[in-house]
Amino acid sequence: MTGKRLYIETMGCQMNVLDSELVVGQLRQRGYVRTDEMADADVVLINTCSVRQHAEDKALSRLGSLKKPKSRRADMIVGVIGCMAERDPDGITRKMPHVDLVCGPGELNRIPAMIEEIQTTRRRALALSDDHSRKSTPLQRATEYDSVESLDSSRTYGIEGTVLQAYVRVQRGCDKFCTFCVVPFTRGPERSRPPGAIIDEVRMLVDRGAKEITLLGQTVNSYMHQEDGRAVPFSELLYRMNGVAGLERIRFVTSYAGDFGDDVLAAMRDLDKVCEYLHLPAQSGSDAVLRRMRRQYSVRQYVELVDRAREMVPGITLASDFIVGFCGETDAEFAESLSLVERCRFKNIFVFKYSERPGTVAAKRSNDDVPEEVKRSRNQELLRLQERISLETNRGLLGQTVEVLVEGPSKRAQKAQISEQERGDEVGMAETGQFVGRTRTDRIVVFPVETGMVGRLVDIRVIGATALTLHGRMVDGVVADESVGQLSPVAAIAG
Ligand code: SAH
Ligand code: F3S
């Protein structure tokens with residue numbers, strides 16, 4: 001099958017980005033090459049997201065657009081992988097009968113075999129974990145765990161070329177069962193990977209040029225792995241990673257406010273490679289709403305954690321997620337979310353209109369009763385407030401020098417951020433000759449440097465700021481040019 005063309009499209013979160021990379025690696029080993037032309041591909045895979053209805057609708061529309069090319073080329077294989085495949089396999093095959101392959105996120109290591117099977121039998125292949133209830137036994141968990149670990153460890157063979165930034169999974173699934181969320185149903189119970197496997201993967205990536213590694217988990221801070229009869233917590237994993245020579249920066253997402261220990265904050269303070277940034281979704285600023293969401297922390301506990309983080313980790317920035325219009329959310333309850341945003345002064349927030357997900361506790365027991373236009377206006381109000389705060393805090397950085405990892409030309413970086421844009425974020429202005437990078441605190445900086453600087457850590461003086469982006473010039477650099485006259489209009493507003 002040498003030379004077969006693979007087209008893969010990734011929707012949703014960073015976990016999906018990593019999953020797609022691993023699937024590509026496995027297929028590359030079997031002779032596949034990637035193509036950007038969907039209609040020409042021999043295998044088309046859509047890696048889907050189920051967190052909101054909107055994401056599922058988008059996947060369905062992509063699949064719909066494949067009907068024609070597929071009808072012209074019977075040998076084309078169309079696959080749906082990821083969360084939507086796991087959540088609604090029957091719905092997909094009913095609505096999209098031209099789909100050949102349906103594979104949940106816990107079974108992705110089976111894709112190469114599934115493709116071969118389809119090529120021989122010309123029959124549809126399905127692989128689902130289908131065991132994502134609280135009822136699963138430890139043995140079932142272990143079995144599932146073993147099979148997916150082989151996907152992560154397959155990465156060693158599948159990577160091509162060098163990497164600058166990489167994701168590494170530390171944990172699969174989630175046990176929190178927030179009442180609105182579909183993730184525990186699609187990604188199954190929480191399992192932590194062995195620290196040794198994680199460190200080996202980090203070393204392998206650093207050998208291939210990785211300077212920055214982001215550890216991924218739904219609730220990373222609840223990471224815990226039994227090793228030689230003792231438990232290894234997340235903070236210890238950070239200590240071990242900090243010892244990997246050649247690695248410059250360590251990040252991790254997403255943190256869960258319910259069980260966030262001071263040991264992780266201490267590690268952030270004491271370890272030079274761990275960046276001073278926390279993505280800590282709050283979801284709501286109202287205790288009543290948090291209870292209905294079953295978030296397992298109160299607003300007071302959340303605020304205390306934010307204060308403690310700022311006290312223990314100087315210069316830390318925080319980002320958060322909010323859901324507006326959750327079942328029964330009153331004006332007064334929404335106002336409490338506004339107060340929390342005002343109080344915490346996040347770097348940025350992601351705001352989502354509540355979307356009812358089939359099978360969740362909220363879908364079964366509560367009414368999705370906040371009208372769409374109320375959700376929309378609350379969404380805008382919260383974002384407007386945050387924009388004001390982001391602009392104020394970014395302007396506070398004018399004149400300061402920040403350490404930036406040069407990621408690449410700003411246009412290319414912009415493209416790489418499409419999945420984040422879907423979550424509401426935006427990357428800085430695309431300007432020719434401009435490069436983009438991030439501070440340790442995850443702020444986006446646009447600046448002119450020479451191409452050879454990609455992958456290097458540079459000191460940048462901040463000379464312009466918008467709510468989303470900082471603009472700067474390299475300190476002591478040949479391209480340093482302080483003339484404000486050359487700034488883009490956006491940067492000049494802030495100047
Ligand atoms: N721990 C995970 C959560 C995954 S979902 C992480 O942050 O990576 C990501 C975000 O989507 C959540 O924090 C929540 O704000 C939002 N979300 C989850 N389910 C939702 C729903 N049913 N409707 C609207 N937003 C939702
Ligand atoms: Fe979802 Fe809550 Fe887990 S938001 S991923 S159930 S922590």
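All ligand and atom numbering here is 1-based and tracks the order in the structure.
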Original post:
When only distance counts, is Tyr354 in polar contact with ligand 1, meaning an N/O pair under 3.5 Å?
Top reply: no
Subject >> Heteroatom test (N, O or S) for Cys178 near atom 2 (Fe) of ligand 2, limit 2.8 Å >> reply: yes
**OP:** Determine whether any heavy atom of Arg187 lies closer than 4.0 Å to an atom of ligand 2.
**Re:** no
Original post:
Less than 3.5 Å between some nitrogen or oxygen of His279 and one of ligand 1, yes or no?
Top reply: no
Original post:
Which ligand 2 atoms, with their elements, are less than 4.0 angstrom from a heavy-atom of Pro184?
Top reply: 6 (S)
Original post:
Counting from 1, what ligand 2 atoms have a heavy atom of Phe180 closer than 4.0 Å?
Top reply: 4 (S)
Original post:
So, His279 versus Asp442: side-chain donor-acceptor pair below 3.5 Å or not?
Top reply: no
Original post:
Do any nitrogen or oxygen atoms of Thr219 come within less than 3.5 Å of a nitrogen or oxygen of ligand 1?
Top reply: no
Subject >> Residue Asp57 excluded, over 12 heavy atoms near CG under 6.0 Å >> reply: yes
Subject >> N or O pair under 3.5 Å between Arg357 and ligand 1 >> reply: no
Subject >> Numbered atoms and elements of ligand 2 in range of Cys181, under 4.0 angstrom, heavy atoms >> reply: 1 (Fe), 4 (S), 5 (S), 6 (S)
Subject >> Residue-ligand contact Met15/ligand 1, heavy atom below 4.0 Å >> reply: no
Original post:
Gln283 heavy atoms, cut-off 4.0 Å: which ligand 1 atoms fall inside?
Top reply: 12 (C), 13 (O), 14 (C), 15 (O)
Original post:
Taking all non-hydrogen atoms of both residues, which atom of Arg193 and which atom of Val168 are closest, and how far apart?
Top reply: NH1-CG1, 4.2 Å
**OP:** Check each atom of ligand 2 against the heavy atoms of Thr219 and keep those under 4.0 Å away; list them by number with element.
**Re:** 7 (S)
Original post:
Is it true that Lys273 and Glu248 have a side-chain N and a carboxylate O under 4.0 angstrom from each other?
Top reply: no
Original post:
For ligand 1, does Val51 get within less than 4.0 Å through its side chain, its backbone, both, or neither, judged by non-hydrogen atoms?
Top reply: both
Original post:
Side chain or backbone of Phe352 under 4.0 Å from ligand 1, or both, or neither, by non-hydrogen atoms?
Top reply: side chain
Original post:
Looking only at non-hydrogen atoms, which of Val324, Ile349, Asp321, Val351 approaches atom 13 (O) of ligand 1 most closely?
Top reply: Asp321
Original post:
When only distance counts, is Ile323 in polar contact with ligand 1, meaning an N/O pair under 3.5 Å?
Top reply: no
Original post:
Do we get Arg52 above Phe352's six-membered ring, with its NZ or CZ under 6.0 Å from the centre and within 45° of the axis?
Top reply: yes
**OP:** Mind checking whether Phe177 contacts ligand 2 via backbone (N, CA, C, O), side chain (CB onward), both or neither, at a 4.0 Å heavy-atom cut-off?
**Re:** backbone
Original post:
Among side-chain atoms of Glu190 and Gln218, is any donor-acceptor pair under 3.5 angstrom?
Top reply: no
Original post:
If hydrogens are left out, which of Lys176, Lys375, Lys353 has an atom nearest to atom 24 (C) of ligand 1, that is, the closest non-hydrogen atom?
Top reply: Lys353
**OP:** Could you tell me whether Glu342 and Arg388 make a salt bridge, using a distance below 4.0 angstrom between a side-chain N and a carboxylate O?
**Re:** yes
Original post:
Cation-pi between Lys375 and Tyr354: NZ/CZ under 6.0 Å from ring centre and within 45° of the ring axis?
Top reply: no
**OP:** Using only heavy-atom distances, determine whether the side chains of Thr317 and Thr441 contain a donor-acceptor pair under 3.5 Å.
**Re:** no
Original post:
So which bit of Cys174 gets within less than 4.0 Å of ligand 2, heavy atoms only: side chain, backbone, both or neither?
Top reply: side chain
Original post:
Side chains of Tyr302 and Ser320: is there a donor and an acceptor less than 3.5 Å apart?
Top reply: yes
Original post:
Any idea which atoms of ligand 1 are less than 4.0 Å away from a heavy-atom of Gln218?
Top reply: 1 (N), 2 (C), 3 (C), 4 (C), 6 (C), 8 (O)
